[in-house]
Amino acid sequence: MTATAQQQAPDWTRQYPNLASARLGARALTVSDEWFAPRERLLDDAEAVFIPGKYDDHGKWMDGWETRRKRVTGHDWCIVRLAVPGTVYGVDIDTSHFTGNFPPAASIDGCCLAEGGDPDADTVWQPLLAAVSLGGDAHHFHVLDARLPVTHVRLNIFPDGGVARLRVHGRALAGDTAPGAELELSSMLLGGRIVACNNSHYGPPHALLAPGRGVNMGDGWETRRRREPGNDWVIVELARPGRITRIEVDTAHFKGNYPDACSLQAACVAAGTDQSVITQSMFWPELLPAQKLSADAIHHFDAEALAALGPVTHVRFNIHPDGGVSRLRVFGRVESV
């Protein structure tokens, strides 16, 4: 999305990662039809583009999944295996650049299968999103009331047409972990999530918690240029309570716009809402004092003081005064609270 579209998108698109991301490992498994454009494009992490005058053997080239014009009863569908099992909070059915060929309506079903399993004819699907109307060349954001664990989703379009992208925003289900095991507690693939940030003008904050290094400057959290006193910040809820052992801050690809310094605060939050956590975070004890950062580099912070704070559930990552960071990795030993 453009910076303007990002600002207009619901908060949950920034708080929860896209579990249908091809980069994270999601796959479009099967479809009823893909005559004009293949299923794989539906999960592309890049924003959809339109190339005037580009055609292939099937007709106009479109950046998304597009079926042929249906001449019989029924509807088209695409089954997607999510990158990790998760609880879905909202979806974005994006029809960007589909104007005279978008579906009039769509719905989404989900299922939760054993590890390694994929749907078959006997799979029981649960409705996640009842049929909703679609428009052309637009994002369609929908909150899901059903908080069901799912491994796969099925996008149904009525009766046919094209969808540019499907984004399935949710929280990964953290598996059972033995106490004392060291994990990347902030990882989105284990259930770490963004609670809030003060600004994300150029890049979404949940990119901080993604696996691997950023592929470019757009694959990270970047704020606008600060023109007033203060600093920018993001709050992360860890996948598991734990005693922090080490921290990595990666400024990959950020060269003329990396923060001058960073610091972290942390706390063990027993109750409250995301909004109350924002307020409380101003007074959390310091986990890591201000540390200088450099361009396009991985910064490692190891110190006994990190674990001395005790088990924590949330961290507040402060950047001074502004800029871009590709990844934040908070490692710790799982500990009950």
(message) Quick check against the 3.5 Å criterion: does His206 have a side-chain atom that pairs as donor or acceptor with the backbone of Met188?
(response) no
(message) Just verifying a value: how many Å separate Arg327 CZ and Ser187 OG, rounded to the nearest 0.5 Å?
(response) 10.5 Å
(message) Apply side-chain contact (heavy atoms from CB on, under 4.5 Å) to residues Leu24 and Leu82 and explain how you reach the verdict.
(response) CA-CA 9 Å; Leu24 292 181; Leu82 301 180; over 6 Å; no
(message) Between Arg329 and Glu182, does any side-chain N to carboxylate O distance fall below 4.0 Å?
(response) no
(message) Can you tell whether the side chains of Asp322 and Arg225 come within less than 4.0 Å, N to carboxylate O?
(response) no
(request) In plain terms, say whether Asp11 and Arg14 are close enough for a salt bridge, that is, a side-chain N and a carboxylate O under 4.0 Å apart. (result) yes
(request) Decide whether a cation-pi geometry holds between Arg316 and Trp233; the criteria are a distance under 6.0 Å from NZ or CZ to the six-membered ring centre and an angle within 45° of the ring axis. (result) yes
(request) Considering only NZ, NE, NH1 and NH2 on the basic side and carboxylate oxygens on the acidic side, decide whether Asp232 and Arg226 come within less than 4.0 Å. (result) yes
(request) Considering non-hydrogen atoms only, spot the tightest contact between Pro10 and Phe141 and give its length. (result) CD-CG, 3.5 Å
(request) Indicate yes or no: does Arg246 engage Asp302 in a salt bridge with an N to O separation below 4.0 Å. (result) no
(request) Could you tell me whether Lys70 and Asp33 have a side-chain N and a carboxylate O separated by less than 4.0 Å? (result) no
(message) Assigning hydrophobic clusters by single linkage (Ile, Leu, Val, Met, Phe, Trp, Tyr; side-chain heavy-atom cutoff under 4.5 Å), is Ile244 placed with Val195?
(response) no
(request) Could you check if a side-chain atom of Val269 sits within less than 4.5 angstrom of a side-chain atom of Val277, using non-hydrogen atoms only? (result) yes
(message) Under the side chain to side chain contact (heavy atoms under 4.5 Å, CB included) test against Arg165, which residue among Asp45, Asn18, Asp94 passes?
(response) Asp94
(message) So, taking the atom named CG in Leu328 and the one named CD1 in Ile247, what distance separates them when rounded to the nearest 0.5 Å?
(response) 7.0 Å
(message) Under a 3.5 Å threshold, yes or no: a donor from one side chain and an acceptor from the other, between Ser294 and His299?
(response) yes
(message) For a quick test of reading the model, state the closest non-hydrogen atom pair linking Pro311 to Arg243 and the distance between them.
(response) CD-NH2, 3.6 Å
(request) Report whether Leu189 and Ile194 are members of the same hydrophobic cluster (ILVMFWY, side-chain heavy atoms less than 4.5 Å apart, transitive linking). (result) yes
(request) Kindly give the heavy-atom pair with the smallest separation between Ala295 and Thr251, and that separation in Å. (result) C-OG1, 3.6 Å
(request) Verify the distance criterion only: is there a donor paired with an acceptor across the side chains of His139 and Asp92 at less than 3.5 Å? (result) yes
(request) Treating Ile, Leu, Val, Met, Phe, Trp and Tyr as nodes and any side-chain heavy-atom pair under 4.5 angstrom as an edge, say whether Val249 and Ile235 lie in one connected cluster. (result) no
(message) Contact between Ile319 and Asn231 at the side-chain level, heavy atoms closer than 4.5 Å - yes or no?
(response) no
(request) For Phe98 and Val163, work out which heavy atoms get closest and say how close. (result) CE1-C, 3.8 Å
(request) Mark yes or no for whether Asp145, through its side chain, and Val143, through its backbone, hold a donor-acceptor pair below 3.5 Å. (result) no
(message) Closer than 4.0 angstrom, basic N to acidic O: yes or no for Glu237 and Arg171?
(response) yes
(request) Check the hydrophobic clustering (I, L, V, M, F, W, Y; side-chain heavy atoms under 4.5 Å; chains of links allowed) and say if Leu19 and Ile79 are grouped together. (result) no
(request) Quick one: closest heavy-atom pair of Phe301 and Leu293, and the distance? (result) CZ-CD2, 4.3 Å
(message) Determine whether a donor-acceptor pair (N or O, by modelled atom type, separation under 3.5 Å) exists between the side chain of Thr67 and the backbone of Gly161.
(response) yes
(request) With the side chain counted from C-beta on, respond yes when Leu287 and Val312 share a heavy-atom pair under 4.5 Å apart, and no when they do not. (result) no
(message) I need the Glu335 CD to Arg240 CZ distance, nearest 0.5 Å.
(response) 14.0 Å
(request) State whether Arg224 and Glu228 are salt-bridged, where the test is any N-O pair (Lys NZ or Arg NE/NH1/NH2 against Asp/Glu carboxylate O) under 4.0 Å. (result) yes
(message) Is there a side-chain contact between Cys111 and Val150 in this structure, where contact means two heavy atoms from C-beta onward sitting under 4.5 Å apart?
(response) no
(request) Check the pair Leu183, Val334 against side-chain contact (heavy atoms from CB on, under 4.5 Å), reporting the backbone distance first and the verdict last. (result) CA-CA 7 Å; Leu183 297 177; Val334 175; 3.7 Å; yes
(request) For residues Trp221 and Ser200, determine if any side-chain heavy atom of one lies less than 4.5 Å from a side-chain heavy atom of the other. (result) yes
(request) Examine distances only and state if a side-chain atom of Ser186 and a backbone atom of Val330 form a donor-acceptor pair shorter than 3.5 Å. (result) yes
(request) Would you mind reporting whether His201 and Glu222 have side-chain heavy atoms less than 4.5 Å apart? (result) no
(request) Would you check, one step at a time, whether the test salt bridge (Lys or Arg N to Asp or Glu O under 4.0 Å) holds for Arg23 with Asp219? (result) CA-CA 11 Å; Arg23 188 181 301 156; Asp219 185 16; 3.6 Å; yes
(message) Between Ser96 and Ala138 (side chain of the first, backbone of the second, donor and acceptor by atom type, cut-off under 3.5 Å), is there such a pair?
(response) no
(request) Would you check if the distance from the ring center of Phe158 to the ring center of His75 is below 6.0 Å? (result) yes
(message) Under the rule for ring-ring contact (aromatic ring centres under 6.0 Å, His included), what residues qualify as partners of His314, not counting sequence neighbours?
(response) none
(request) Locate the shortest heavy-atom distance separating Thr87 from Tyr89; write the atom from each residue and the value. (result) O-CD1, 3.4 Å
(request) List the steps, then state whether salt bridge (Lys or Arg N to Asp or Glu O under 4.0 Å) holds for Glu47 with Arg167. (result) CA-CA 11 Å; Glu47 293 303 309; Arg167 312 291 194 204; 3.7 Å; yes
(request) Answer with yes or no whether the hydrophobic clustering places Ile278 together with Trp284; edges join I, L, V, M, F, W, Y residues whose side-chain heavy atoms lie under 4.5 Å apart. (result) yes
(message) I'd like to check Asp109 versus Leu128 (side-chain heavy atoms, cut-off strictly below 4.5 Å). Are they in contact?
(response) no
(message) For the CD atom of Glu286 and the CD atom of Gln265, what is their distance to the nearest 0.5 Å?
(response) 7.0 Å
(request) First locate atom SG of Cys78, then atom CG of Asp76, and finally report the distance between them rounded to the nearest 0.5 Å. (result) 10.0 Å
(message) Is it the case that the side chains of Ser107 and Asn156 hold a donor-acceptor pair, with the cut-off being a distance below 3.5 Å and no angle test?
(response) yes
(message) Checking His253 against Ser326 for the side-chain hydrogen bond (donor to acceptor under 3.5 Å, both in side chains) test, could you report, in this order, the C-alpha distance in whole Å, the side-chain angles of both residues, the deciding distance, and whether it holds?
(response) CA-CA 8 Å; His253 307 291; Ser326 177; over 6 Å; no
(message) Can you tell whether the side chains of Arg27 and Asp118 come within less than 4.0 Å, N to carboxylate O?
(response) no
(message) With a 3.5 Å distance limit and no angle check, can you tell me whether His169 reaches the backbone of Gly90 through a side-chain donor-acceptor pair?
(response) no
(message) Quick check for you: to the nearest 0.5 Å, what is the distance between Asn257 atom CG and Thr223 atom OG1?
(response) 9.0 Å
(request) Applying side chain to side chain contact (heavy atoms under 4.5 Å, CB included) between Leu288 and each of Leu264, Asn318, Leu309, report the one that passes. (result) Leu264
(message) Assess whether a salt bridge exists between Arg71 and Asp160, defined as any Lys/Arg side-chain N lying under 4.0 Å from an Asp/Glu carboxylate O.
(response) no
(request) Could you label the plane-to-plane angle of the Trp35 and His58 rings as parallel, tilted or perpendicular, counting under 30° as parallel and over 60° as perpendicular? (result) perpendicular
(message) One thing to verify: whether Lys292 and Asp260 come together as a salt bridge, which I'm taking to mean a side-chain N less than 4.0 angstrom from a carboxylate O.
(response) yes
(request) Taking the side chain as every heavy atom from C-beta outward, state whether Leu42 and Val31 have any pair of such atoms under 4.5 Å apart. (result) no
(message) Is the terminal nitrogen or CZ of Lys60 (NZ for Lys, CZ for Arg) located under 6.0 angstrom from the six-membered ring centre of Phe50 and within 45° of that ring's axis?
(response) yes
